[in-house]
Amino acid sequence: MRVDDLDRASIDHVLTTTRAVRRRLDLDRPVPLDVVRECLEIALQAPNGFNFQRWRWLVITDPHTRAAVAEIYRRVELPAVEALASQVPADDTDTQKVAASSRYLGDHLEQVPLHVIPCHDGGVQEDRELFTHLGYDTDLDNMAAASTYGEIWPAAWSFMLALRSRGLGSSLTMIHLGAEPEVARLLGIPAGISQAGLIPVAYFHGDDFRPGPRHPLDEVAFHDRWGQPLTRQAASTTA
Ligand SMILES: Cc1cc2nc3c(=O)[nH]c(=O)nc-3n(C[C@H](O)[C@H](O)[C@H](O)COP(=O)(O)O)c2cc1C
């Protein structure tokens with residue numbers, strides 16, 4: 001398809017309105033596995049290191065398994081969400097809303113019809129060893145973490161965008177990693193496979209979403225040197 005034939009408005013709309021969907025998840029409508037397969041096929045086109053494709057995906061629909069995952073998720077999540085809610089000023093309504101909505105998701109997780117656990121064949125430790133083997137001798141913590149999660153999240157985000165365009169909502173979560181070994185045992189995830197998070201998936205109520213609250217671009221993007229503004233003119237010159 002040529003660039004001029006792309007429906008850019010729709011693409012941009014999906015890119016800017018794919019929200020963390022929690023309260024609007026339709027907990028009663030089943031999610032067909034074929035749709036999830038289709039979205040995962042799309043996700044497999046995401047960038048990944050050396051094209052090693054070390055992503056792995058575990059799709060969970062069994063209600064007993066979902067309930068067991070949800071029980072662990074809640075146990076790990078609740079103290080963190082409560083701490084967040086108590087530490088954030090009451091007038092920081094955006095963060096308070098995220099905390100309340102996250103808690104809602106935890107409270108209803110077993111009812112969400114489908115869970116996806118994106119995994120990485122390896123992990124941060126393995127990537128640290130790989131980079132050491134390749135000759136790097138600096139502090140590799142950040143490099144290894146960037147490599148490991150960079151292998152997974154672009155694909156997971158593609159998956160979430162593909163879901164969104166088909167009327168399904170999802171949310172990127174990772175809090176259950178506080179009990180990763182327990183979830184690995186429950187799901188039979190072998191040693192050497194790292195979990196990256198948990199994506200609850202369901203159809204959503206309502207028709208559309210709006211862009212979320214974000215800091216202005218000018219506060220977070222710089223030009224040539226940290227702190228220098230990325231002016232409109234500079235942005236359009238390089239486009
Ligand atoms: C690394 C990461 C971890 C996250 N972990 C959780 C989580 O454990 N639980 C949850 O409900 N949402 C989680 N989220 C979703 C964020 O809360 C959400 O993306 C953010 O509030 C922005 O929401 P919006 O995109 O709908 O505007 C996570 C997002 C990221 C990127």
Side-chain angles (χ1 to χ4, degrees), residues 12-27 43 46 55 58 60 66 69-89 92-120 123-124 141-142 144-165 167-180 182-183 194-217 219-220:
D12 290 354
H13 187 72
V14 167
L15 286 168
T16 51
T17 62
T18 300
R19 299 267 69 79
V21 187
R22 305 182 186 95
R23 291 181 190 277
R24 283 176 56 185
L25 294 174
D26 184 339
L27 303 175
W55 43 52
L58 183 58
I60 306 165
R66 279 188 282 132
V69 169
E71 195 271 318
I72 298 169
Y73 184 100
R74 262 191 299 277
R75 180 156 31 88
V76 185
E77 185 213 25
L78 211 53
V81 171
E82 280 175 357
L84 180 71
S86 66
Q87 287 163 21
V88 167
D92 181 354
T93 48
D94 281 347
T95 310
Q96 293 290 355
K97 258 195 235 166
V98 173
S101 166
S102 297
R103 174 138 191 204
Y104 175 91
L105 179 65
D107 286 345
H108 294 84
L109 191 58
E110 66 265 47
Q111 294 160 261
V112 181
L114 192 138
H115 301 173
V116 176
I117 305 218
C119 298
H120 180 266
V124 176
D141 282 358
N142 192 33
S147 158
T148 299
Y149 299 109
E151 302 271 4
I152 300 302
W153 287 121
W157 180 237
S158 293
F159 174 62
M160 292 165 69
L161 294 168
L163 289 169
R164 158 80 173 103
S165 73
L168 290 130
S170 63
S171 179
L172 188 165
T173 83
M174 41 127 295
I175 205 89
H176 87 275
L177 297 182
E180 183 182 4
E182 196 179 346
V183 174
S194 307
Q195 299 166 56
L198 188 160
I199 304 175
V201 177
Y203 283 96
F204 54 76
H205 291 296
D207 295 326
D208 204 1
F209 293 91
R210 286 195 299 259
R214 297 293 190 262
H215 299 302
L217 179 68
E219 287 180 15
V220 296

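Order of listing sets the numbers, starting from 1, for every ligand and every atom in it. Note that these values count all heavy atoms, side chains included, but never hydrogens, waters or copies made by symmetry.
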Counting both backbone and side chain atoms, is some N or O of Arg19 under 3.5 Å from an N or O of ligand 1?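 Yes: some nitrogen or oxygen of Arg19 is under 3.5 Å from one in ligand 1.
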Leu172 N/O under 3.5 Å from ligand 1 N/O: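 Yes, there is a polar N/O contact under 3.5 Å.
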Considering only heavy atoms of Val98, which atoms of ligand 1 have at least one such atom less than 4.0 Å away?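 Within the 4.0 Å cut-off of Val98, ligand 1 contributes 17 (O), 21 (O).
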I need the atoms of ligand 1 closer than 4.0 Å to a non-hydrogen atom of Ser102, numbered in the order shown.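 Checking each atom against Ser102, I get 10 (C), 11 (O).
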Identify, for [atom], the protein heavy atom at the shortest distance, and state residue, atom and that distance.
atom	answer
atom 3 (C) of ligand 1	Met174 CG, 3.2 Å
atom 19 (O) of ligand 1	Ala20 CB, 4.1 Å
atom 9 (N) of ligand 1	Tyr73 OH, 3.3 Å
atom 16 (C) of ligand 1	Arg22 NH2, 3.6 Å

Is there a side chain to side chain contact (heavy atoms under 4.5 Å, CB included) between Thr17 and Arg164? Walk through the geometry before answering. CA-CA 9 Å; Thr17 62; Arg164 158 80 173 103; 2.8 Å; yes
Given that the side chain starts at C-beta and the backbone is N, CA, C, O, which of these parts of Arg214 lies under 4.0 Å from ligand 1, counting heavy atoms, or is it both or neither?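 The side chain, only.
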Please confirm whether the backbone N or O of [Y] pairs with a side-chain atom of [X], one donor and one acceptor, at under 3.5 Å?
X	Y	result
Glu151	Trp55	no
Arg66	Val112	yes
Glu180	Ser194	no

Asp12, CG: over 12 other non-hydrogen atoms inside 6.0 angstrom: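 It does: Asp12 CG has more than 12 such atoms within range.
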Quick one: does NZ or CZ of Arg24 land under 6.0 Å from the six-membered ring centre of Phe209, within 45 degrees of the ring axis?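 Yes, Arg24 and Phe209 form such a contact.
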Carboxylate-amine/guanidinium proximity below 4.0 Å for Asp208 and Arg19: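 Not counted as a salt bridge, because no side-chain N and carboxylate O are separated by less than 4.0 Å.
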